[in-house]
Number of protein chains: 4
Amino acid sequence: MSAAVELAGELPYSRLSIEAIAARAGVGKQTIYRWWPSKAAVVLDAVLTWSQGDDGDLQLPDTGDLETDLRAVLHATVDELNDPHYDRPMRSLTVAIVEDAQLAAEYGERLERPLHQAKKARLHRAQLAGELDPEADLDVAVEMIFGPIMNRWMTRSGPLTHAYADAVLATALAGLRRRG
Amino acid sequence: MSAAVELAGELPYSRLSIEAIAARAGVGKQTIYRWWPSKAAVVLDAVLTWSQGDDGDLQLPDTGDLETDLRAVLHATVDELNDPHYDRPMRSLTVAIVEDAQLAAEYGERLERPLHQAKKARLHRAQLAGELDPEADLDVAVEMIFGPIMNRWMTRSGPLTHAYADAVLATALAGLRRRG
Amino acid sequence: MSAAVELAGELPYSRLSIEAIAARAGVGKQTIYRWWPSKAAVVLDAVLTWSQGDDGDLQLPDTGDLETDLRAVLHATVDELNDPHYDRPMRSLTVAIVEDAQLAAEYGERLERPLHQAKKARLHRAQLAGELDPEADLDVAVEMIFGPIMNRWMTRSGPLTHAYADAVLATALAGLRRRG
Amino acid sequence: MSAAVELAGELPYSRLSIEAIAARAGVGKQTIYRWWPSKAAVVLDAVLTWSQGDDGDLQLPDTGDLETDLRAVLHATVDELNDPHYDRPMRSLTVAIVEDAQLAAEYGERLERPLHQAKKARLHRAQLAGELDPEADLDVAVEMIFGPIMNRWMTRSGPLTHAYADAVLATALAGLRRRG
DNA sequence: CCGTAAACGAGACGGTACGTCTTGTCTTACA
DNA sequence: TGTAAGACAAGACGTACCGTCTCGTTTACGG
């Protein structure tokens with residue numbers, strides 16, 4: 001239910017109760033327990049449902065210039081991460097994932113992997129176009145670009161700005177570009 | 001109290017109760033509430049106490065070859081992150097940090113920043129030695145190297161191996177090295 | 001629950017905890033709070049349940065001789081008050097009543113009044129038979145007979161014996177008998 | 001300390017805490033524990049201190065007419081019992097007495113007995129004057145007169161009025177007067 | 001078109017933990 | 001030396017939720 005997303009947007013994960021979700025949804029507790037094994041699973045499904053609009057555009061933009069395209073994606077990502085409506089439910093989900101390996105696997109399968117594949121596909125096209133080193137490991141490459149940003153978001157180790165995203169992107173691409 | 005670390009090593013954060021910590025420490029609950037405002041703060045102090053041995057060696061190795069030195073540090077980091085005795089309390093702390101901006105700030109101040117400074121100092125020496133681009137933003141540089149690894153640890157988005165660390169390091173340094 | 005009576009028979013009221021009653025009854029604390037507003041109310045209901053056997057015999061003996069009948073009742077009352085199994089829960093209930101006017105009202109309604117009415121009815125029959133002054137206020141009369149005994153029990157201002165009860169009864173009846 | 005009386009006048013016994021008494025008196029808790037073994041003992045001493053003004057007039061009025069004199073005493077007693085400033089601390093003390101036989105003994109010794117003796121002395125003079133049966137047990141007589149009133153006060157089994165006191169007194173004296 | 005069974009809302013239940021309060025003991029620091 | 005101040009271990013308070021378990025009551029499908 002999307003009632004879970006509402007509440008996840010209002011409360012930190014630890015304050016989020018199945019009881020409250022059920023009440024908000026106008027639903028008996030048992031109905032929730034019938035369909036999900038844990039609060040974490042509810043949150044995962046809630047976030048999945050909520051972000052299902054994204055599922056269609058599993059295609060990153062491709063103008064022919066990788067850095068331009070990725071910059072657009074990173075800026076959008078940064079904007080989302082700075083938007084409380086996205087930030088709060090996502091933090092709840094992240095908490096669940098950090099605690100629970102089982103859930104992390106399901107999250108990886110259902111939400112992260114498709115996104116990862118889309119990013120990797122864009123990098124692969126760039127590699128074929130000679131923009132990137134043909135030897136580069138593209139899984140690592142995706143994580144070089146997005147990992148530092150996600151890490152800064154999670155730990156709030158610094159301000160999450162377009163400028164930061166640009167710096168990360170520039171450095172990562174510099175390391176990934178064709179040598180020699 | 002280090003009794004908190006013990007329990008944090010046995011249970012996920014959500015199952016970790018102040019009641020249990022107090023009982024294990026042979027202490028009244030009120031004593032804990034007197035000194036810490038929340039479970040999260042207890043966990044932070046517990047981890048700080050526990051890792052205080054590290055506080056002295058705020059000096060990264062310096063053999064003259066940056067990549068060798070960082071590789072050693074990253075391998076050690078990866079090994080720690082793969083050790084359940086370190087992983088479990090650290091995940092508890094991470095959960096607390098993801099949920100609570102206040103705590104994240106305190107964590108940044110007391111544990112992360114000194115480590116960050118040490119890493120940055122090593123990079124700075126490499127920059128002076130001409131191993132890195134003199135224009136490079138070293139804060140970003142540190143996060144380029146450690147961010148992807150921490151992110152993979154947290155989200156378990158892939159195996160956390162020495163090889164992965166090496167790949168991240170190589171790519172990051174390639175992007176940071178002197179151009180032209 | 002009659003588990004409350006057990007505990008009320010073992011501990012003074014101030015040491016009697018809802019936690020302990022719940023544990024002894026094999027019941028969650030919330031279940032008690034759901035049904036009773038306070039420890040006092042639990043004790044009242046416990047005593048009511050426990051003494052419900054008495055509810056049927058709301059008829060005092062009537063041999064035709066009032067003093068004989070009342071003596072029997074008073075002796076039984078004194079014996080009960082001297083029996084720890086009765087004394088201890090009853091003291092708990094009394095403490096609750098002395099402290100809490102609300103509870104006193106409910107106690108009066110549900111336990112004391114029926115007993116009072118039964119006593120008054122016996123006195124009324126005696127009054128019709130000419131054993132008592134037709135002008136006597138029978139509510140006062142009941143309290144003249146039982147009040148001093150209950151007061152001695154509560155305050156332990158002296159030994160609570162059959163002889164004492166007899167002396168009270170004799171004096172009270174002397175004051176209540178037909179004048180002239 | 002008379003600070004205890006203040007608080008006993010504001011709160012029911014169960015809410016009265018040694019901590020609060022100490023704080024109100026500007027005194028360390030330990031100082032209280034040094035001098036009194038329990039909260040009950042503090043309350044007893046507080047009430048004793050507070051009512052020590054009465055200690056002098058251990059003489060009941062003696063106009064020559066017993067009923068008139070006792071009526072005056074009973075009316076004063078009833079008025080006190082209906083005055084919250086007296087009622088509340090006294091209820092606290094009563095609760096302590098009902099629960100604790102030890103304290104009841106001390107209370108009997110230090111507060112109740114002198115009053116009882118004064119009442120008994122007045123009855124004794126009446127007995128000598130031929131107003132009462134020379135055979136009457138005066139201890140019982142005192143309790144016949146005061147017991148019903150104290151009992152009605154404690155249990156709130158009915159309104160505590162001058163009229164009630166008069167009725168009790170009249171009945172008791174009727175039973176105690178010279179027979180034949 | 002109706003009987004029946006699944007899923008439902010509601011919410012009581014035995015429990016665990018919360019964060020607060022008080023108890024009686026023990027320690028510190030000042031006067 | 002004695003006292004206020006207050007930390008401490010212990011444990012009860014009353015509340016919030018947990019996950020399980022009946023309860024009737026809708027729906028909605030197969031006979």
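Worth saying up front: this structure is predicted, and the values here are computed from it rather than measured. Each chain gets a letter, A, B and so on, in the order its sequence line appears, and its residues count up from 1.
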Rounded to the nearest Å, what distance is computed from the [atom1] atom of residue [X] to the [atom2] atom of nucleotide [N]?
X     : N      : atom1 : atom2 : result
D:R24 : F:dA5  : CZ    : C1'   : 19 Å
A:E19 : E:dA10 : CD    : P     : 13 Å
B:I32 : F:dA10 : CD1   : P     : 12 Å
C:Y13 : F:dC13 : OH    : P     : 10 Å
A:L16 : F:dC17 : CG    : P     : 10 Å
B:I21 : E:dA17 : CD1   : P     : 11 Å
C:I18 : E:dG15 : CD1   : C1'   : 16 Å
B:Y33 : F:dG11 : OH    : C1'   : 14 Å

- Query: Quick one: is B:W35 getting a side-chain N or O under 4.0 Å of the F:dC8 phosphate, OP1 or OP2?
  - Reply: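 Yes, B:W35 has a side-chain N/O under 4.0 Å of OP1/OP2 on F:dC8.
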- Message: OP1 or OP2 of E:dG9 versus the side-chain N and O atoms of A:T31: is any pair under 4.0 Å?
- Response: yes
- Check: E:dG15 base within 3.5 Å donor-acceptor of C:K29 side chain: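 No pair found.
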- Closest-nucleotide ordering on DNA chain F, the 5'-leading residue of C:R15 and B:G28: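 Looking at DNA chain F, the more 5' nearest nucleotide goes with B:G28.
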- For C:P114 and C:G108, which heavy atoms make the closest approach, and how far apart are they? CD-O, 4.4 Å
- Determine the minimum heavy-atom distance between C:Y13 and D:E99, stating which atoms define it. N-OE2, 3.0 Å
- Salt bridge or not for B:R91 and A:D100, using N-O below 4.0 Å?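 No, this pair does not count.
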- Comparing C:R34 with A:Q30, nearest DNA chain E nucleotide closer to 5' gives the residue A:Q30
- Note on the structure: When rounded to the nearest 0.5 Å, the distance separating CG of C:N151 from CH2 of D:W153 is 10.0 Å
